[in-house]
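Below is one structure; the comments refer to it alone.
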Amino acid sequence: MNFLRNRLVVLGLVLLGTLLLYLLLPSMRQGSMEPSLHIQQRMGHILATPPMPPSGANITVRTGQLPGDPPIFFREALPVDSAGRQILPKLQMVLLHGQAFSSKTWEELGTLGLLASNGYQALALDLPGYGNSPDSESVKTDQARVNLLKRFLEALGVRAPVLLSPSMSGHYSLPFLQRHSAQLHGFIPIAPVGTRGITPQEYHDIQTPTLIVYGELDTNLGAQSHKNLIQLPNHSVVKLAGARHACYMDKPREFHQAMLKFLQKLD
Ligand SMILES: *[C@@H]1O[C@H](CO)[C@@H](O)[C@H](O)[C@H]1NC(C)=O
Ligand SMILES: *[C@@H]1O[C@H](CO)[C@@H](O)[C@H](O)[C@H]1NC(C)=O
């Protein structure tokens, strides 16, 4: 009798243990998996910039160098179909960069890949003296800088691009806008220098659709360029909350969203 009761107790304990293990295991598993899930989700937030690229898009960024004086280094991302074949881009976009940056910035931020996966050709160049482009005495005047951009566009078969221009690159983009605005399908100035070099009458006559982007905390160049650029008749403004001068670095997701929305209206 005693022996039987002992066996029953042991059996009961084993059953109880099994039940406990059964109940506890999933939460133990979850506990150990949760951190990696969290990381994945957070990375997803940083990397996935809506709208999501079409599935199977496989974008490679190639680099090249346009010979000449000075030679111009560039990066390019082209749209492809789901089989990886190149397709005709909806629009061509040319990206300049600020003083502390280069074309690499747009590759690392995911902007080039994002543009290509949304059907646009994206070309980012290193301005003379930055990144992989040697400095040159020949770009010391507005006209020389305009000529450099023209040479680049012509050589790469770019016609009527959307020009994106942050900060220092305003030395190139604003003289270009002033002289050749009809050649620009769109303009995305991001707190550029040089907005005071265009007269009110000249601003008034420029028809290029323009998206003015700047950081809320950029009370210097951001606010100043905004004040001048709103003279452009066809403009819209995106002020990125909590962002500093390089607002696209501070708020890449919001910046990318605003850029794609603007491009959608143009293509
Ligand atoms: C992307 O391209 C690489 C190299 O061409 C290929 O190995 C890979 O399978 C492609 N991935 C997708 C999702 O198409
Ligand atoms: C302003 O630009 C938009 C594209 O962003 C275009 O659809 C619209 O027609 C333009 N408006 C004028 C008055 O040119």
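Indexing begins at 1, ligand by ligand and atom by atom, following the structure's order. Heavy-atom basis, side chains included; hydrogens, waters and symmetry copies ignored.
With Asn147 as the fixed residue, the side-chain hydrogen bond (donor to acceptor under 3.5 Å, both in side chains) test singles out one of Lys150, Arg145, Gln143: Gln143.
In this structure, atom 11 (N) of ligand 2 lies nearest to the protein heavy atom Asn234 ND2, 2.9 Å. The shortest contact between atom 4 (C) of ligand 2 and any protein heavy atom is with Leu266 CD2, 3.6 Å.
When distances from atom 2 (O) of ligand 2 to the protein are checked, a heavy atom turns up under 4.0 Å. Shown here, atom 7 (O) of ligand 2 is out of close reach of the protein: none of its heavy atoms lies under 4.0 Å off.
Between the side chains of Thr195 and Asn228, at least one donor-acceptor pair of N or O atoms lies under 3.5 Å. A donor and an acceptor atom, one from each side chain of His97 and Ser103, are nowhere located under 3.5 Å apart. Using modelled atom types, one finds no donor on one side chain facing an acceptor on the other under 3.5 Å when comparing Ser173 with Ser169.
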